[in-house]
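Quick note on labels: first sequence line is chain A, next is B, and so on, each numbered from 1.
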Amino acid sequence: YQLAPGGLRGVTVLHISIFNSLLTAAHGLSDEQREFQKVAFDFAANEMAPYMAEWDHKEIFPVETMRKAAQLGFGGIYVQPEVGGSGLSRLDTSVIFEALSTGCVSTTAYISIHNMCAWMIDTFGNTEQREKYCPDLCSMEKFASYCLTEPGSGSDAASLLTTAQLKGDHYILNGSKAFISGGGDTDVYVVMCRTGGKGAKGISCLVVEKGTPGLSFGKKEKKVGWNSQPTRAVIFEDCAVPVANRLGEEGQGFTIAMKGLNGGRINIASCSLGAAHACVQLARDHLLVRKQFGETLSNNQYLQFRLAEMATKLVASRLLVREAATALQENRPDAVSLCSMAKLFVTDECFNICNQALQMHGGYGYLKDYAVQQFVRDIRVHQILEGTNEVMRMIISRSLLTES
Amino acid sequence: MSGRVLVGVKRVIDYAVKIRVKPDHSGVVTDGVKHSMNPFCEIAVEEAVKLKEKKLIKEVVAVSCGPQQVQETIRTALAMGADRGIHVEVSGKDYDNMGPLQVSKIMAALAKKEEAQLVILGKQAIDDDCNQTGQMTAALLDWPQGTFASEVTLEGDKVKVVREIDGGLETIKINTPAVVTADLRLNTPRYATLPNIMKAKKKKIANVKPADLGVDMASRVEVLRVDEPPQRQAGMKVETVEDLVGKLKEAGRI
């Protein structure tokens, strides 16, 4: 196995053992899902893994690679086919993102955000809006960003302050959004803003196109990970957006945002899964090769037990994500809670898995020549965004305590 | 001309798997090991699909010989753009002993039955490296062959094939129907797209037995033993060029 450009080791071999080991991500999947998974793994191994270190180091937003992914149908995986999507299920989507993530977590995570936005327009948009935006988003001719968080409202999302005042057939937007993935480089912004009174019920969802006068961006943030996607503040100064760009009704925006996030949480958890699987594989390979005290690390019982725990948590995580995906697809009453549980459990456990894998590499784990540190840095933020893991606990406990 | 192209696709152990010899040395371990389509067969499928996209041929039929699992390989070909599949059911001892002679008899019979204009195969399989099936198929059919193809161009009822040979590149023009075998540089196989994977589900795979084609699966070859290649021996360092020449002479190398 060759060293990829940038000296990244070990990543390209992953897709091989993934199918024949205890950890296989293919168990329980239909033949068709295995085909989707295979394409995603092959794409990740050939088109992403060799470049993931370079994209991270040079902060490259890999537009051409993502467009190649879109040609395979990854631009709008759960968007309906009549507007250019692939029309697949949430479970299919999870399987695909899990596989792609083994090639580059950061890029896959952005692709998942893009997918979420495309779905929101597909689901809540009217015919004109769907036909105007979805085909270009599904082909990634255009890229999308999800704009909810503001400097003053993160977990308390419903307290957002960006206003949208109705003037004739336009809304005039004023305010700013923070930490927007893709911000400044993307073309279509799905923006939650206040058209009415306080709280969630006063929020609407508008689609704002790049180039609209009054739309500007902050500086590109310097991040610990997710460096293959730019993150910027999105600023609205008397930005006029046609009423025709509103998704759904006034006051429906928060609901739309949250429904988008249910799927987004499964996707982000799936990305964490892919990273954790990659890291268990890397750790295992390292234990079989590295020798200390006269034998390979794989003979050390502590490390054997550690590896076993990592593998067990990985399999448990995968089951929870896939269950949540199925629940969401079937619109089950427990879907929202399950998505929150999956996001909470999986992002936490998978981060620990990746972190332990780094530890098992010893000093080498700390070097950027080795992939494990990038997986750790990239998935750390999954415990924070799309709803912090603390907010996930709020959602779950509320569901438990208000059930009759 | 029928405009129909037959493509053979073989299910082999994935190229990146570490091969292990069975403890009884009768073969290699295949249980639980990842399998995929032979890379040269992928190139063959890609070439056939490209010909169809250029509207130079009308139908691509993917053929595979083996047990139930080879249907996965046929489905991959369908997802890449083949129109339908033929699964030639071979299992048990017949499958273990199946080699180029049996496969080429099957391909020849199918080529006649399907009235194929072209049979495109990978130049060899990465498990046995035989590099015989294409050539034998052509011989059985008494058709021309263009092997080790790095470029294929249909010109009316002939096909121009640029072949990779030891001395460089050889260009030949052969009459169709013909057999072509794909070499590495012929093309870069496409990824299956999600929509094509779903469409592939609806495409038909017909089941056929070798006996239905009048093919005798008996093998003329018996595998006696399979061993791993010998462990690489340690080299040795020498101080001077004279030492090196001396050592090479001692080892009978010069």
- Decide side-chain contact (heavy atoms from CB on, under 4.5 Å) for B:Thr76 and A:Glu35; before the verdict, give the C-alpha distance in whole Å, the side-chain angles of both, and the deciding distance to 0.1 Å. CA-CA 8 Å; B:Thr76 304; A:Glu35 283 286 332; 3.2 Å; yes

- Could you walk me through whether B:Tyr191 and A:Lys68 pass the side-chain contact (heavy atoms from CB on, under 4.5 Å) check? CA-CA 10 Å; B:Tyr191 295 104; A:Lys68 269 196 207 171; 5.8 Å; no

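A 4.5 Å side-chain heavy-atom check between A:Leu72 and B:Leu194 finds every atom pair outside the cut-off. Side-chain contact between A:Glu32 and B:Ile197 is present, with heavy atoms from C-beta onward closer than 4.5 Å.
A 6.0 Å sphere centred on CD of B:Glu164 holds more than 12 heavy atoms belonging to other residues, nucleotides or ligands. Other residues, nucleotides and ligands contribute over 12 non-hydrogen atoms within 6.0 Å of the NZ atom of B:Lys50. Within a 6.0 Å sphere centred on CZ of A:Arg67, heavy atoms belonging to other residues, nucleotides or ligands number more than 12. For NZ of B:Lys201, the number of neighbouring non-hydrogen atoms (other residues, nucleotides, ligands) closer than 6.0 Å is 12 at most.
With a 4.5 Å cut-off on non-hydrogen atoms, B:Gln71 does not touch chain A at all.
Options B:Pro195, B:Ala200, B:Ala192 differ in how many heavy-atom pairs under 4.5 Å they form with chain A, and the most are formed by B:Ala192. The candidate from A:Ile77, A:Asp92, A:Val39 with the greatest count of non-hydrogen atom pairs under 4.5 Å with chain B is A:Val39.
The two atoms that bring B:Thr193 and A:Gln71 nearest to each other are CG2-O, 3.6 Å, heavy atoms only.
Scanning for ring-ring contact (aromatic ring centres under 6.0 Å, His included) contacts around B:Phe40 gives an empty result, with sequence neighbours left out.
Remark: A:Asp31 CG to B:Glu72 CD distance equals 6.5 Å, nearest 0.5 Å.
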